[in-house]
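Quantities reported herein were computed from a predicted structural model and do not represent experimental measurements.
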Amino acid sequence: MAKRPTPTEFIVERDKDRCIACQVCVRMCSNDVHIYDADTNTVTSDNSKCVGCHFCETLCPTDAITIKKNESSFKPNANWSVSVISDITKQAETGGVILTGMGCDKPYTIYWDHILLNASQVTNPSIDPLREPMELRRYIGRKPDKIELDYNKKGKIELKTMLEKQLKLEVPIMFSAMSYGSVSLNTCISLAKASHELGIFYNTGEGGLHKSLYKYGKNTIIQIASGRFGVHPEYLRTGAAIEIKIGQGAKPGIGGHLPGEKVSKEVSEARMIPEGTDAISPAPHHDIYSIEDLRQLIHALKEATDYEKPVGVKIAAVHNVVPIASGVARAGADYIAIDGMRGGTGAAPKVIRDNVGIPIEFAIAAVDARLREEGIRTKVSLIAAGGFRSSGDVIKAIALGADAVYIATSALIALGCSQCQKCYTGKCNWGIATQDPYLTKRLNPEIGVQRLKNLIRAWSLEIKDMLGGMGINSIDSLCGNRTHLRGIGLSDRELEILGIKSAGEPQ
Amino acid sequence: MNRNISKLQRIDARDLNYRELNRLIKDAANEGIKNIHLTNVNGQRYIGTGVNNAPKININGVPGNDLGAFMDGCSINVSGNGEDGIGNTMNSGRIVINGSAGDILGYSMRGGEIFVKGNVGYRVGIHMKSYKNMYPVIIIGGCARDFLGEYMAGGLLIVLGLNRKSKNPIVGSYCGTGMHGGKIFIRGNVEPWQLGKEVRVYEPNKNKDDFSLIEKYLRQYCELFSLDFDSIIKTNFTKLLPGSSRPYGKLYAY
Ligand code: SF4
Ligand code: SF4
């Protein structure tokens with residue numbers, strides 16, 4: 001049989017009249033698409049290698065390049081799409097599992113787009129956020145059921161209840177786990193420094209902590225996953241909180257392999273494994289086979305850090321997320337981060353990313369409702385994650401019951417990411433998902449910090465506007481307040497699980 | 001000079017829960033006390049976890065799960081048996097168990113030594129790893145159950161099978177599954193059914209480096225438990241190494 005190459009996804013169109021053969025594209029494309037021919041002094045391209053990241057377009061000084069989707073590679077077919085044919089071809093050639101990067105791109109219903117927010121009219125005046133103070137601050141951690149006050153000797157009122165350690169967030173948004181190794185150090189620095197300046201937190205992922213990041217410890221959630229990479233006493237002491245990673249929305253139930261090529265000298269130091277070796281994270285933590293075992297690890301970490309830090313647990317949104325979350329709360333977690341099926345990843349088997357898990361909208365609504373029913377909602381904070389695209393998604397998640405949200409993909413888009421989904425190749429042209437020094441220097445952390453701060457500032461302003469419109473002046477009052485939400489285009493069953501009424505139904 | 005250094009502190013663990021007991025241990029260590037003797041220990045967890053200044057901790061009784069979890073530098077001696085999770089993600093130090101121990105001993109440990117006189121349970125030494133001069137070592141005097149050294153990435157695991165009844169296998173099945181670094185030495189022979197797909201069996205004791213590696217730690221072990229090194233080393237050892245440092249490199253289509 002003649003070998004059929006995998007279909008070409010993109011076509012690089014070069015306007016010959018504009019191209020001055022400056023070769024910027026030749027030098028800059030990490031996928032070696034552009035080729036310079038010195039004899040004819042022309043630049044041509046090998047379309048088959050293009051991943052559609054649009055980096056060359058942004059660099060070309062004469063706007064000569066346009067990247068177009070190759071529409072003609074196969075006859076359009078709703079069932080046997082180009083990506084299906086291309087995956088089968090690749091597997092016929094290699095016998096391997098198809099990898100991908102970033103979050104699920106299948107057109108499953110995005111429930112955020114079927115939920116509408118409320119606003120005040122006449123009976124309950126809206127609040128003008130430009131005039132009135134609006135409170136976006138959140139505290140993450142276990143809350144007491146009641147608070148006891150007492151008079152002290154001087155006759156002043158004092159708090160008698162011992163409060164558990166809390167994370168103080170100036171805005172209910174944090175940067176979700178991205179490990180150094182899956183992303184570049186410049187990406188980590190951007191996230192860490194922006195968190196520090198914004199009064200929020202970023203999460204190390206399971207890659208340990210690079211020495212230059214220790215100074216941002218107060219704004220760092222350190223993660224512990226099944227491989228326990230880079231976990232040592234100083235790491236534990238440095239973070240503001242510790243997160244046990246059980247699962248990830250993009251790949252629930254499976255482990256991860258960081259290939260040796262990405263374990264550079266610096267990555268190896270942070271992970272504390274030899275340079276160039278594969279970093280293999282087993283699917284489960286082999287010391288956690290039950291809720292009881294989870295409880296044991298939570299308390300081992302508390303004991304290791306003298307009960308000074310909240311310990312959270314991150315789980316993927318799967319069918320049984322409700323009882324699992326209830327178990328996690330009872331195991332003593334200070335917060336539960338739930339990652340929905342649209343959450344991103346540096347590398348995951350495509351079949352798992354696209355077929356396993358449930359959307360975060362259902363997970364957060366169902367878990368919040370169950371924890372309230374069981375009377376343990378105050379014992380644990382809920383953090384929602386998995387594909388938050390805008391402040392609208394964020395505020396809806398909070399009204400559905402989240403205390404705060406984790407964002408990662410949108411943070412990377414702010415840093416340049418074009419969603420080409422090729423993170424697993426380590427050739428990210430934007431200097432994000434790569435360890436190649438030639439590529440990583442393309443991301444200037446100073447500019448990165450500014451862009452992340454801008455994004456969070458913009459979303460905060462929008463959230464304040466929406467809150468004010470609802471007549472609420474504190475994000476606290478919106479948490480789990482589903483009366484402010486209405487569904488549109490949803491079945492009764494979906495509305496029931498989301499715990500919201502249909503658009504058109506009054507209070 | 002710290003006057004506490006030579007001081008010994010005795011702590012009676014009777015009726016103390018683990019948090020109370022561990023607080024007392026941490027306080028003593030923070031004062032610079034180098035010798036801590038615990039009596040009447042009965043299932044209290046996390047002893048040695050988060051303890052500074054690397055004291056010696058002597059335990060009479062049975063410590064609970066996660067003994068020495070995340071431990072850094074302490075030296076723990078248990079007069080009897082231990083439970084599950086001993087030396088979980090341990091960084092450095094030494095744990096000596098004069099009896100037998102349970103499951104998941106040395107999970108993900110990166111440094112230090114765990115010496116067990118008797119048998120151990122399932123999933124022992126999973127994902128041990130070494131880094132630079134940190135080199136974790138586990139020596140088991142008796143036998144180990146299934147999944148020994150699974151996902152092992154570095155360090156040294158030795159199983160001696162002393163006083164073993166011939167019908168009891170020295171290690172269970174799936175030994176070294178997913179192993180991609182480190183070395184396992186098993187005294188005597190192992191059968192193919194006992195081994196994970198990713199390990200390769202090598203002729204024992206052929207190599208002088210192997211012998212000196214075993215000798216370095218086994219002599220200390222024998223001294224601790226008053227065993228005769230020469231008679232133990234006489235029996236051949238089976239050496240298990242990973243077949244590849246990248247067992248899953250060919251799993252994916254790029
Ligand atoms: S830079 Fe990106 S878009 Fe341009 S040719 Fe290379 S892979 Fe394609
Ligand atoms: S991080 Fe880089 S490789 Fe990954 S999707 Fe974004 S642009 Fe592509």
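Heavy atoms of other residues, nucleotides or ligands lying less than 6.0 angstrom from NZ of B/Lys56 number 12 at most. Annotation for B/Asn42: atom CG does not count as buried by contact number, only 12 or fewer foreign heavy atoms lying within 6.0 Å. Around atom CZ of B/Arg23, more than 12 heavy atoms belonging to other residues, nucleotides or ligands sit under 6.0 Å away. Counting non-hydrogen atoms of neighbouring residues, nucleotides and ligands closer than 6.0 angstrom, the NZ atom of A/Lys211 exceeds 12 such neighbours. Residue B/Arg94 places its CZ atom among more than 12 non-hydrogen atoms of other residues, nucleotides or ligands, all under 6.0 Å distant. Applying the 6.0 Å contact sphere to OH of B/Tyr174 captures no more than 12 heavy atoms from other residues, nucleotides or ligands.
Considering only heavy-atom pairs separated by less than 4.5 Å from chain B, the leading option among A/Asp293, A/Ile273, A/Leu297, A/Asp87 is A/Ile273. Here A/Asp306 is the residue among A/Thr277, A/Thr305, A/Asp306, A/Ile224 with the most heavy-atom pairs under 4.5 Å with chain B. Put simply, of A/Leu301, A/Ile98, A/Asp278, A/Thr94, the one with the most heavy-atom pairs under 4.5 Å next to chain B is A/Asp278. Heavy-atom pairs under 4.5 Å with chain B peak, among A/Gly95, A/Gly260, A/Pro274, A/Pro282, at A/Pro282.
Defined by atom type and a distance below 3.5 Å, a donor-acceptor pair is present between the side-chain atoms of B/Tyr252 and A/His257.
Of the atoms belonging to A/Thr100, not a single heavy atom falls under 4.5 Å from chain B. Proximity to chain B involves both the backbone and the side chain of A/Tyr424, based on heavy atoms less than 4.5 angstrom apart. With a threshold of 4.5 angstrom between heavy atoms, B/Ser130 approaches chain A through N, CA, C or O but not through any side-chain atom. No part of A/Tyr235 comes within reach of chain B, as not one of its non-hydrogen atoms sits under 4.5 angstrom from that chain. Interface remark: B/Met90 contributes no atoms to any contact with chain A (heavy atom separation under 4.5 Å). At a 4.5 Å heavy-atom cutoff, the contact between B/Ile104 and chain A is made by side-chain atoms alone.
Atom CZ in A/Arg228 sits 10.5 Å away from atom CD1 in B/Ile126 (nearest 0.5 Å). Put simply, OG1 on B/Thr49 and NE2 on A/His299 are 13.0 Å apart, with the number rounded to the nearest 0.5 Å.
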Next item on the list: Begin from the C-alpha positions of A/Glu275 and B/Lys132 and carry the test salt bridge (Lys or Arg N to Asp or Glu O under 4.0 Å) through to its verdict.
Entry: CA-CA 10 Å; A/Glu275 205 177 325; B/Lys132 293 194 171 159; over 6 Å; no
Margin query: Does A/Ser226 form a side-chain contact (heavy atoms from CB on, under 4.5 Å) with B/Tyr151? I'd like the steps, not just the answer.
Written below: CA-CA 11 Å; A/Ser226 62; B/Tyr151 287 112; over 6 Å; no
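With contacts defined as side-chain heavy-atom distances shorter than 4.5 Å, the pair A/His286/B/Glu150 qualifies. In this structure, A/His232 and B/Thr89 have side chains that are not in contact, with every pair of non-hydrogen atoms separated by 4.5 Å or more. Residues B/Tyr131 and A/Arg271 fail the side-chain proximity criterion, which asks for heavy atoms closer than 4.5 Å.
For an aromatic pair to be called close, the ring centres must be under 6.0 Å apart, and A/Phe229 with B/His127 satisfies this.
Annotation for A/Gly230 and B/Arg110: closest pair N-NH2, 3.6 Å, computed over non-hydrogen atoms. Scanning all heavy atoms of the two residues, the minimum distance from B/Asp66 to A/Ala300 falls at OD2-CB, 3.5 Å. When every heavy atom of B/Arg246 is checked against every heavy atom of A/Pro259, the shortest pair comes out as NH2-CB, 3.5 Å. A pairwise comparison of heavy atoms in B/Tyr107 and A/His285 identifies OH-CA, 3.7 Å as the closest pair. Heavy atoms only, all atoms of each residue included: A/Met272 and B/Lys129 are closest at O-CD, 4.4 Å.
Among B/Arg45, B/Lys26, B/Arg19, the one residue that satisfies the side chain to side chain donor-acceptor pair (under 3.5 Å) test with A/Glu303 is B/Lys26.
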